[in-house]
Trainee: 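Sharing a structure, written as structure tokens. Questions coming.
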Amino acid sequence: MPTEKPLDRIFEQFLAAPKIFKNRDVLRPTYVPDELPHREKQITKVGMILASALRGGTPSNIFLYGKTGTGKTVVAQYVLKHLKEKCMEFNVPVPITSYINCRIVDTSYRVLAHLCSDVGVSVPITGLPTDTVYDKFRKSLDEKGQLMIIVLDEIDQLVRKNRESANDVLYDLTRINSSLENSKVSIIGISNDLKFKDHLDPRVISSLSEEEVVFPPYTADELKDILIQRAKIGFNEGVLEYGVINLCAALAAREHGDARRALDLLRVAGEIAEREGSNKVTEKHVRLAQKEIEKDTVSEVLETLPIQSKLVLFSIYLLEKHRASEINTGDVYAVYQNLCRYLRMDSLTQRRVSDIINELDMLGLVYARVISRGRYGRTKRIKIGVPLNLIGDILEKDPRIKGVADYVPRIT
DNA sequence: TGTCCACTGGAAGGGAGGGCTT
DNA sequence: AAGCCCTCCCTTCCAGTGGACA
């Protein structure tokens with residue numbers, strides 16, 4: 001059979017291109033390296049707490065705080081990995097571990113369902129009463145007679161989205177040990193957001209954060225060390241031009257010392273260089289990578305937005321595009337209602353739109369701040385948070401939005 | 001100093017879409 | 001099939017509020 005020629009060429013070109021990466025996976029955020037520079041203190045503390053598992057004890061619950069990309073998740077995974085290894089080495093029962101990212105597993109029911117599947121019980125996606133799922137989990141865990149360490153990553157997301165039920169589940173989980181005869185549970189909670197404690201039941205806070213570990217942002221120098229370490233195993237020797245690592249570190253340090261961002265920059269810069277067929281990664285590639293990363297994350301978020309959120313965002317976009325001096329909830333709602341009328345769609349209430357604006361703010365697409373204009377009331381002052389043309393370009397791909405693309409809002 | 005605006009954001013609840021148990 | 005229970009998205013209702021203005 002003759003093969004397809006153009007594709008052949010692409011593959012061959014790829015193979016012929018100079019090899020930039022030795023192992024690109026080590027530059028991904030999920031990779032757990034053998035050493036974590038500048039996190040020795042945190043590793044020691046978490047390690048000391050979890051060590052009691054080696055003597056058959058129940059480690060205290062731990063809370064890890066710090067902004068994104070400060071190494072919370074990776075430290076937790078690193079310590080757990082080594083703990084398990086030690087358990088095997090000393091012939092101690094290896095704890096069951098469960099890692100749950102609450103941004104994805106974002107309801108109490110789903111958290112419990114996830115825990116069930118980690119102890120080998122399958123439960124339906126929906127349908128059962130939450131209590132039943134909890135009981136199933138408790139029973140089958142108790143049958144195992146083992147320690148279970150549960151990592152709840154981005155736990156603030158769970159609490160933010162369902163305050164009542166999240167409190168219930170967390171309360172139950174922190175008390176579960178008193179109803180277990182043969183097994184024990186330890187919880188590692190991870191959060192980006194310190195303020196989220198305000199939404200938690202005080203009893204949950206106290207038992208969840210028996211121990212607390214704080215992760216400060218990395219400085220530019222620390223980021224540099226991390227990048228150098230990963231670059232050694234990730235890139236072939238000599239492909240990184242002088243200054244590339246410094247630039248990645250500097251750019252990421254500007255964003256509250258985010259190591260994930262730094263690694264992404266380095267990886268994407270490498271990928272761009274590879275695509276170009278260049279045999280060196282240069283500072284120019286890093287700059288391009290920065291643009292590409294922003295564009296990718298923004299467009300992915302925008303494309304998956306539900307239509308109502310798109311319309312609200314588009315209303316804000318139109319107001320900003322036509323140079324409204326300031327944008328408030330009321331203005332947005334008025335434009336939004338007009339757009340809905342043109343599209344012959346039912347419009348949501350202002351209460352809901354107000355929430356949607358908050359959601360857009362959380363996604364980083366807009367900035368919304370509550371301000372008071374004195375006599376003229378309290379409202380949200382809203383600004384677009386990403387490049388304006390990007391929003392227009394991507395939203396107008398939606399045929400419904402395209403239908404109102406030329407709408408000109410009345411500016412007051 | 002009090003008033004009052006334009007909202008905010010909490011609380012409760014409805015109903016559609018899903019799936020369980022009996 | 002009936003009776004529950006779940007989530008998700010939304011509405012309705014309403015007390016609360018920061019600060020410009022009279």
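Every chain is numbered from 1, with letters handed out A, B, ... down the list of sequences.
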Trainee: What does A:N328 touch in the nucleic acid at a heavy-atom separation under 4.0 angstrom: a base, only the sugar-phosphate, or nothing?
Mentor: nothing
Trainee: Rounded off to whole Å, could you give me the CG-to-P distance for the A:D331 and B:dA6 pair?
Mentor: 12 Å
Trainee: For B:dG9, does OP1 or OP2 lie under 4.0 Å from any side-chain N or O of A:K380?
Mentor: yes
Trainee: Taking the side chain of A:R378 as its heavy atoms from C-beta onward, which of B:dC7, C:dT11, C:dC8 lies nearest to it?
Mentor: B:dC7
Trainee: Locate the shortest heavy-atom distance separating A:Y99 from A:H114; write the atom from each residue and the value.
Mentor: O-NE2, 3.6 Å
Trainee: What's the closest nucleotide to the A:R110 side chain, out of B:dT8, C:dC8, C:dT11?
Mentor: C:dC8
Trainee: Nearest-Å distance, CD1 (A:I356) to C1' (C:dC9)?
Mentor: 9 Å
Trainee: Counting side-chain heavy atoms from CB outward, which of B:dA11, C:dT7, B:dT8 is closest to A:Y109?
Mentor: C:dT7
Trainee: In whole Å, what is the span from the CD1 atom of A:I371 to the C1' atom of B:dC7?
Mentor: 10 Å
Trainee: Go nucleotide by nucleotide along DNA chain B from the 5' end; which of A:V370 and A:Y376 gets its closest nucleotide reached first?
Mentor: A:Y376
Trainee: Rounded to whole Å, how long is the line connecting atom NZ of A:K136 with atom P of C:dC5?
Mentor: 16 Å
Trainee: Whole Å only: how far is the CD atom of A:Q337 from the P atom of C:dT11?
Mentor: 11 Å
Trainee: Is it true that a side-chain atom of A:K22 and a backbone atom of A:K232 form a donor plus acceptor pair closer than 3.5 Å?
Mentor: yes
Trainee: In whole angstroms, how far is the P atom of B:dG2 from the CZ atom of A:R375?
Mentor: 17 Å
Trainee: Side chain of A:S372, heavy atoms from C-beta onward: which of C:dC13, C:dT7, C:dG19 has the nearest atom to it?
Mentor: C:dG19
Trainee: Got a salt bridge between A:E292 and A:K295, using NZ or NE/NH1/NH2 to carboxylate O under 4.0 Å?
Mentor: no
Trainee: Ignoring backbone atoms, establish whether A:T349 has a side-chain N or O less than 4.0 Å from OP1 or OP2 of C:dT11.
Mentor: yes
Trainee: Do NZ/NE/NH1/NH2 and the carboxylate oxygens of A:R267 and A:D264 come within less than 4.0 Å?
Mentor: yes
Trainee: Please determine whether the number of non-hydrogen atoms from other residues, nucleotides or ligands lying under 6.0 Å from atom OH of A:Y407 exceeds 12.
Mentor: yes
Trainee: Taking the side chain of A:N358 as its heavy atoms from C-beta onward, which of C:dC9, C:dC8, B:dG9 lies nearest to it?
Mentor: B:dG9
Trainee: Please tell me if A:R369 has a side-chain N or O lying less than 4.0 Å from either OP1 or OP2 of B:dC7.
Mentor: no
Trainee: Taking atom C1' of C:dA20 as reference, at what distance in whole Å does atom CZ of A:R373 sit?
Mentor: 11 Å
Trainee: Using the side-chain heavy atoms of A:T379, tell me which of these nucleotides is nearest: B:dC5, C:dT12, B:dA6.
Mentor: B:dA6
Trainee: If I take atom CG in residue A:L311 and atom P in nucleotide C:dC10, what distance separates them, rounded to the nearest angstrom?
Mentor: 12 Å
